[in-house]
Amino acid sequence: MVDSKQRRLHRNLEDPGEGQGSGAHMISTARVPADKPVRIAFSLDNASDDTPSEDAIPLVFPELDQQLQPLPPCHDSAESMQVFKQHCQIAEEYNEVKKEIALLEERKKELIAKLDQAEKEKVDAAQLAREFEVLMEENRTLKLAQSQCVEQLEKLRIQYQKRQGSS
C-alpha cells in the first residue's frame with residue numbers, strides 16, 4: 001500500500017501537470033490517504049497576480065518565495081509535523097543566510113568604494129608629488145636667477161658709485 005502511494009507521489013512529482021489544464025498542480029503524499037490528496041495551487045507562468053486566490057496557503061515566511069514556503073502539515077501525523085518543523089527551521093536558516101549575504105554584499109560595495117577612493121587618492125598623491133617636484137625645480141631655478149640678479153645689481157651699484165666718485 002505504501003509503495004503504491006510512494007510511486008504515485010514520485011509520478012506526481014515527475015509530471016505534476018498531468019491531466020490538469022488549469023495550471024494548478026496536485027502532489028499527493030504518502031502520509032495522506034489516497035482519497036484525501038493535498039492540493040497546492042500555484043502558477044508556473046511569470047504573470048504576477050496582485051490579488052491572492054482564496055485557496056492560497058498563508059505565508060509562514062512572507063519574505064520567502066511562494067515555492068519555498070513550508071507546506072502546512074497534516075496535523076494527524078507526527079512525521080508530517082516533524083517535517084513541517086524541519087522545513088520551518090530550514091526556512092529560518094535560509095532567511096538568515098539571505099540577510100547575511102545582503103549585508104556582506106553591502107559591505108563589499110562599501111569596501112569597493114573605499115578602495116576606489118584610496119586609488120583615486122593614490123593617483124592624486126602621485127600627481128601632487130610630480131607637481132611638487134616640478135615646483136621645487138622651478139623654485140631652485142628662480143632662487144639661482146635671483147642670486148645672479150642680486151650679484152649683478154651689486155656690481156652695477158659698485159660701478160655707479162665709482163662713476164659718481166670719479167665725476
Next item on the list: Report the C-alpha distance between Glu137 and Glu133 in whole Å, list the side-chain angles of each, state the deciding distance to 0.1 Å, and finish with yes or no for side-chain contact (heavy atoms from CB on, under 4.5 Å).
Entry: CA-CA 6 Å; Glu137 181 60 31; Glu133 290 300 320; over 6 Å; no
Rounding to 0.5 Å, atoms CG (Asp124) and NZ (Lys120) come to a distance of 4.5 Å
Heavy-atom side-chain contact between Glu119 and Asp116 under 4.5 Å: yes
When you look at CD of Glu131, are more than 12 heavy atoms from neighbouring residues, nucleotides or ligands closer to it than 6.0 Å? yes
To the nearest 0.5 Å, atom CG of Asp76 lies from atom CE of Met81 at 10.0 Å
**Request:** Say whether, by atom type as modelled, one donor and one acceptor occur between the side chain of His87 and the main chain of Leu68 under 3.5 angstrom.
**Result:** yes
side-chain contact (heavy atoms from CB on, under 4.5 Å) with Leu104: of Glu106, Glu100, Lys108, only one passes, and it is Glu100
Rounded to the nearest 0.5 angstrom, the CG-CD1 distance for Leu153 and Ile158 is 10.0 Å
Paired with Tyr160, the side chain to side chain donor-acceptor pair (under 3.5 Å) test is passed by just one of Arg157, Gln164, Lys162, namely Gln164
Separation between CG (Leu135) and CG (Leu128), nearest 0.5 Å, reads 10.0 Å
request  = Taking Ser77 for its side chain and Cys74 for its backbone only, find out whether a donor-acceptor pair lies under 3.5 Å.
outcome  = no
>> Within the 4.5 Å heavy-atom criterion, are Gln148 and Glu151 side-chain neighbours or not?
In response: no
Tightest non-hydrogen contact, residues Arg107 and Lys114, listed as NH1-NZ, 4.4 Å
Could you tell me whether Glu93 atom CD has more than 12 heavy atoms of other residues or ligands within 6.0 Å of it?
-> yes
For this session: Please examine the side chains of Gln117 and Glu121, heavy atoms only from C-beta on, and report whether any two atoms are closer than 4.5 Å.
Result: yes
When rounded to the nearest 0.5 Å, the distance separating SG of Cys149 from CD of Glu154 is 13.5 Å
Would Phe84 and Leu71 count as a side-chain contact (heavy atoms from CB on, under 4.5 Å) here? Give the steps.
CA-CA 7 Å; Phe84 178 75; Leu71 300 176; 5.9 Å; no
Main-chain N/O of Asn95 paired to Glu63 side chain as donor or acceptor, under 3.5 Å: no
Distance col, row Lys98:NZ vs Ile101:CD1, nearest 0.5 angstrom, shows 9.0 Å
